[in-house]
Every structure is written in structure tokens, then in C-alpha cells.
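Remember, it's a predicted structure, so these values are computed and weren't measured experimentally. Labels below follow one simple rule: chain letters A, B, ... track the order of the sequence lines, proteins then strands, and each chain is numbered from 1.
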Number of protein chains: 2
Amino acid sequence: MVRMVDVAKEAGVSIKTVSRVLNNEPHVQDAMRQKVRSAVERLGYIPSASARSLRSNRSYSIMLLIHDVRSMFVSTVQFGALQKCQKLGYHLQLSMIGSDQLKDEETLKAWFAENLRGGHPDGLVLVPPMANNPVMERVVKSLGLNTIRVGPNEIPHTARTASVMIDDRQAAHDMTAHLIGLGHRRIGFIRGKEDQDATHRRFDGYASALAGAGIAMDESIVLPGSFDFNSGLEQGDVLLAMKDRPTAVFASNDDMAAGVIMAAHQAGVSVPGELSVAGFDDNEIAERTLPTITTIRQPLEEIGMVAIEALVTAAGASLEELTSHVLPYELVERRSTAAPA
Amino acid sequence: MVRMVDVAKEAGVSIKTVSRVLNNEPHVQDAMRQKVRSAVERLGYIPSASARSLRSNRSYSIMLLIHDVRSMFVSTVQFGALQKCQKLGYHLQLSMIGSDQLKDEETLKAWFAENLRGGHPDGLVLVPPMANNPVMERVVKSLGLNTIRVGPNEIPHTARTASVMIDDRQAAHDMTAHLIGLGHRRIGFIRGKEDQDATHRRFDGYASALAGAGIAMDESIVLPGSFDFNSGLEQGDVLLAMKDRPTAVFASNDDMAAGVIMAAHQAGVSVPGELSVAGFDDNEIAERTLPTITTIRQPLEEIGMVAIEALVTAAGASLEELTSHVLPYELVERRSTAAPA
DNA sequence: ACAGGGCTTGTCATCGTTGTCAGAAATGGT
DNA sequence: ACCATTTCTGACAACGATGACAAGCCCTGT
């Protein structure tokens, strides 16, 4: 193991100077900088993360807090985040938390104490459904954790905190308008989990597009859902069994859209011939159904990258100074939508 | 922040005694143990991970090295590993490595130096395709990293190293025998990526089951693949276009099986009426196709858990003493297989 | 009663880095 | 030419835990 003293000796300077160069501190002459840099290079020196964080109280690691890793959404965000972390020389540390720990502030604080082990991470990335949980919000603030949320930024009950997201409302509006543009007037909607902000914002977009086209909303074809395949399957059955069934369904994510498509298959209803189906997210599954799903592409990998970048750049700055990042989305037209018969 | 000295003061003992209790070292009287434990409890003391690892050269973290997080296989293993880590008080640290870094030992060693940051993790979990890469194997050994591989344990070019897995060969044998039992005699096979051991072992199982039933293998219906949906789709097209096409196909994972099913749909061939399709893994997708896929269930979450457990238990023990863990699998019969017409 | 040994507890140095502070050198204003 | 300020560099302590070692205690066997 090569330590800082070794580099200092090699470069003929004091270890403090080496430290300064490595941390890009000012007040070092360029000549010194060069000497140190090349010594580091020659010896293949890598600073010890534990010594660093013990002394400086920084961890050079970012924590990604997940609830259910098996969701494609989270996996993809994670993928982007990991890439960025590695590029910036940070560790990505994963943690998983159950719903039980989110009940009250006491429990959550205890959870954090146990899982942080003394060293605060330099940043915390929250994904849904933690991204808009008020308990989490408060605890994170009181612990002074530099946090960024993956999700919308308009929670009524809190002040502005940092976030990365697309404009869910506008995207859902666009998709609904797209269906209306194809000639649909009776468009069903399947909601997501009620504790996630995205559910409400997507519904708002749906509603506003209907209103904009002068179509009265029919509450009977707005169905509950839970963002998973099975709920799409169930609600698909419900919709298909209706007497006056819609000519199109906008499921608020792809897993549910895939469920609706399977329900249609099983009921012998052709998609998009007799029923158009639209999704949201552009999951892998959107290209693996028959027909493939027209959806909104969220740049999930990029969202992960931006989240990390924001945290690292703002290291030290306080939460309030972090801004919201709104990323572009894209309506991807595939085969599951068409003009009504 | 509450430190060890605070606990010592509260309990009226020396800090060394506190340390001993926390590390479950012998030679401490039970009365002392109790006093310390309750002081820890009262103060909510959590040891500092960085101080610990700086001094003791242990990291209390385990590294999961991935290549492409977006595979369901890896995500699920990760999920199990994470659960176990948290239960045992370890951090799970994710790292991603590209194929470029695996070319030669020099490069890989440099990669490790850069990504370990001084502190070796207490364990390393390798998943395919790193799990049976000879370069990786050598480097890991020379760095003295406690490693466990998720995958088979019969690499010709190395000595025995620890692994967790199912018996791929036997499982593939069972599935093939199952198809034969249904009455199929002409059974196609789609291979996986050639650099993964599982590919060869599954093929071996397929071959031995055919041989056991006295069926000559027809190389023309053994097709290459790459474990992804699209390769299943392509090879499905190839198989379906054959003059003397098989009555059943055994795709060596579910993604490819789903691809074959879609190819059949598009070609107007009914599954399982005209073509039986079997998969391997029991991915989420196996239940989201029409028909659902008959497959081999690998206990992936459990594999992740066992991997972590093995590493933590063996902390300090050398690689060779770690054993192979063979976990049970299960043949899940769904709707994609039936007797031939 | 005492030497020898195991058990229990404590003192102190140490891991590798960064923060504090002080001193040396360079710069600038008069 | 001189003092004040800024820029640069280094010596040293400190972060919070564990390892090495020592000392005190309580046995046991003679």
C-alpha cells in the first residue's frame, strides 16, 4: 500500500502539499502541482477512502435508497447513477428500506442511524415512492442529508427541495391529445399508486387534454391501478366488459398497458383495431408485447446521471440551493394505437 | 455524534472494553457486557465505519460487481444480496465494469486499484459474465479478494473457487426430459452467450436427456443466441421457417423463449398447439407472455442471500475453504408446453 | 504461603488523511 | 526602502476506532 508520505517523499514535498494538490486546493504553485501529479502517477497512489472520510467527515459515496429493486424503473435509474458515480470517483451505496420504517419520524431516524454508520453519505438519491413521502422529507432535512428526489417537485406540504424529473403532466397531456388527434373521444385512464405524485400529475394531464378538446370526463372509465402488470390485466378486464366501452385506454405506465393488451388478447379484442392502448415510461416491456406499445419515453438513465451530478456539484451547498431539473421526454409512437374503427 | 468514549463514560468502563463487547471478543465478564450493551442502547451509539476500517483494515462492505444492471437476473440477485447485507450490518457497494477492463490482467488490476480506494471490501460477488472469466479469476486471487461467484463451479482452467448456483445441467436435463415425456421427439435448442458457463451446461443437459431417450441430436436445430429477447425473436423466425421444423423449442432463458413466442405469434403459429416453448430462469416475463412460459425457476434472490452469507461467515478464511453452494431449482409448468399435435 | 498461569481490564500508540496554525517568501503601496 | 498584505509551504494535532502490550486479579497445585 502506497501512502501519501510515499508520494511526498517521491515528489520532495511535504505531505500537506500532496493533500492540497489532490483536493484541488488553491495556493500551490504550478510547478509543485506538476511534481506531485507525476509522483502520484508513478507510484499509482490511491488515497484511502476511510482515512479521508474519518478526518474530513465526507464519505465520497452516495446512497441510493430503494424500496423494490426489481422495478425496471429503479433499475434503470440506478444504472445511470452508477455510471456517473464511477466517472466522478464516488461510490454508489445501495440501501433498501421497508414501508414499516417510513411510518413515523422516530422509526425512520433510527433506521438512518443504523444504516449510515457514522459516516453520512455525501448525497442521497430518493426514488418513488420515497421521493414524495412527507416523513422522509422531514427526516432527511433534520439529518442534514443532501438529497435529491427522482420525481415531481410540487408537493403541497413541503418547501422546495431538489428533484430530477420530466414534466409528467405535460407528457400525459400530450399522449391524451395524441389519442384525441387519432379520433378517439372516449378514452379510459388507469391510475397508478395513489401515494405517488406521478399518478396525480399524469391524471391531471389526461384531464386537461380532455378539457382542452371539449370532452367531458367520464369518471366511470377512470380506473384505479397500482403500476403493475396484474392491475393492468384486471382493469383491462373491467374496461372490456363495459357495455359502452372506450375506444382507447391510457394506462399510466407500460406494465399496466401490457396487462391491458393481454386482457384484450384473452377477450379476443384486437389491439389497436378495436382498442388503442397507450402506456408511459418506455420500459423494456413496451417493445415486447404484440403489438408494441405507444408510450412516453422517460430518459431514466439520464435522470440517474443528472441526480448524481447535481449532488456532487452541490456538495456542501444546502438543499434549498439545489434546483429542479426538468428533462425532456418523447412520445414514442408504436403499434398499439390507431384511429378508432 | 456519540463516540466510543461517551459510551465508555456512560458505562463506567474503558473504551477498550466497549470495543471488545461490540466486536464480540472473549474475555469480558457478562456483567460488563450488560453494562456496555445498555449504555450503547441508551445513547444510540453507532460505531464509525471509517474509523473502524481505517484501523482494522476491514470495510464492513461487500462489493457487487455488475456488467449490465438492467438484466432481470442480476437485479434479482442484487435484491437478495442487499437484503442479507442489511440484515448482517454490511454495506452493499455497487460497481460496474466494462468489457474493456477485462481484456488483460494489467488493466483489470488498475481498475481495481482505482475502484477500491485503499479499502478492500470484505467480499466480492461476481455475476455472469464475470463469474467465469479467467482474467478476473486470476486478478481477484492475486489481490486476495474474498470472492464468490454466482454461477457454475467447473471451470477447466482454474482451481476450485467458491460459488453459488443451481445445477444447470440437471435442470436442463429435466426440462428436456419433460418435453420428451410430453411426446416430443424433435426438440430445438437455443443457446445463450458463449462466454457464459451456463450456456454450455444447459446444452449438456439438453444433450444428455436426448441421448438418454435414444434421440439422435440434430445439430441443425441447435441455434446460437445471446440470452436476450431479440435473439429469441430472430432464432424463432429461423426455426419456424424450416421445412422440417421442430415441435418444441427449449430456449435457454426466458427472454429468448418470449422472443420465440412472439415470432410464433407473428407467423401465425399457435403455442403450444403447433409449437411448445420452454424457457429457463423464471423471469418476470415468463408470466407476462401469452401463453405463459414453462420454465425452470432459479431461486435468484436466495442465491444473492447465500452469496452474502457465505462471504460474511467466511470473513478471514481463505478462498479455498469456501465451498460451493448448490441450491434447488424447480420446473414450473405453465401454458407454453403441451403434447405435440 | 507462594509461584505460575489464565482471565479480565486498561493504557497507549497507531491507521492515513485533512484542518489549524505559523512561518517564509513574494508582492504591492507609499 | 519599509511595512502590510497576500501567497505559498510545512509541522503538528486530530478524526474514532482497534492492536499490542502490560498490569491486576483470581485461581490452582504444591
* Are B/T17 and C/dG10 close enough that a side-chain N or O sits under 4.0 Å from OP1 or OP2? -> yes
* Asked: Whole-Å distance between C/dT17 C1' and A/D6 CG?
  -> 13 Å
* Let me see the working for A/K84 and A/Y90 under side chain to side chain contact (heavy atoms under 4.5 Å, CB included), right down to the final yes or no. => CA-CA 8 Å; A/K84 200 54 148 193; A/Y90 277 66; over 6 Å; no
* Any side-chain heavy atom of A/D100 within less than 4.5 Å of one from A/T107? -> no
* Asked: Do the non-hydrogen side-chain atoms of A/M165 and A/I303 ever get within less than 4.5 Å of each other?
  -> no
* Integer-rounded Å distance: C/dC7 C1' and B/D30 CG -> 13 Å
* Specify the separation, in whole Å, of atom CD1 of B/I46 and atom P of D/dG16. => 15 Å
* Got a salt bridge between B/R70 and A/E301, using NZ or NE/NH1/NH2 to carboxylate O under 4.0 Å? -> yes
* Tell me whether the OP1 or OP2 atom of D/dC15 has a side-chain N or O from A/N57 closer than 4.0 Å. => no
* A/E114/A/K109 salt bridge by N-O under 4.0 Å criterion -> no
* Asked: Phosphate oxygens OP1/OP2 of C/dG16: is one of them under 4.0 Å from a side-chain N or O of A/R52?
  -> no
* Is the closest side-chain heavy-atom distance between A/Q78 and B/Q78 below 4.5 Å? -> yes
* To do: Please name the pair of heavy atoms, one in A/V139 and one in A/F112, separated by the smallest distance, quoted to 0.1 Å.
  => CG1-CD1, 3.8 Å
* Which whole-number value in Å describes the distance from A/N23 CG to C/dT17 P? -> 11 Å
* Atom NZ of B/K9 and atom P of D/dG16: how far apart are they, to the nearest Å? -> 13 Å
* Asked: What does nucleotides 19-26 of chain C look like as a protein-contact string, B for base, S for sugar-phosphate only, - for none, at under 4.0 angstrom between heavy atoms?
  -> BB------
* So, is A/S19 close to the C/dT17 phosphate, meaning a side-chain N or O under 4.0 Å from OP1 or OP2? -> no
* Structure fact -> B/R58 CZ to D/dG19 C1', in whole Å, measures 14 Å
* Asked: If you check every side-chain atom of B/A51, which of C/dT17, C/dG10, D/dA17 has the closest atom?
  -> D/dA17
* Which comes earlier along DNA chain C counting from the 5' end, the contact point of B/S14 or that of B/L54, where each point is its nearest nucleotide? -> B/S14
* D/dA17 phosphate, OP1 or OP2: any side-chain N/O from B/Y45 under 4.0 angstrom? -> yes
* To do: For A/V28, answer base if it contacts any base atom (sugar-phosphate contacts may also be present), sugar-phosphate if it contacts only those atoms, and nothing otherwise; contact means non-hydrogen atoms under 4.0 Å.
  => sugar-phosphate
* For the pair made of NE2 in B/H27 and C1' in C/dC7, what is the distance, rounded to whole Å? -> 7 Å
* When the nearest nucleotide of DNA chain D is assigned to A/M32 and to A/I15 on a heavy-atom basis, which residue is associated with the more 5' position? -> A/M32
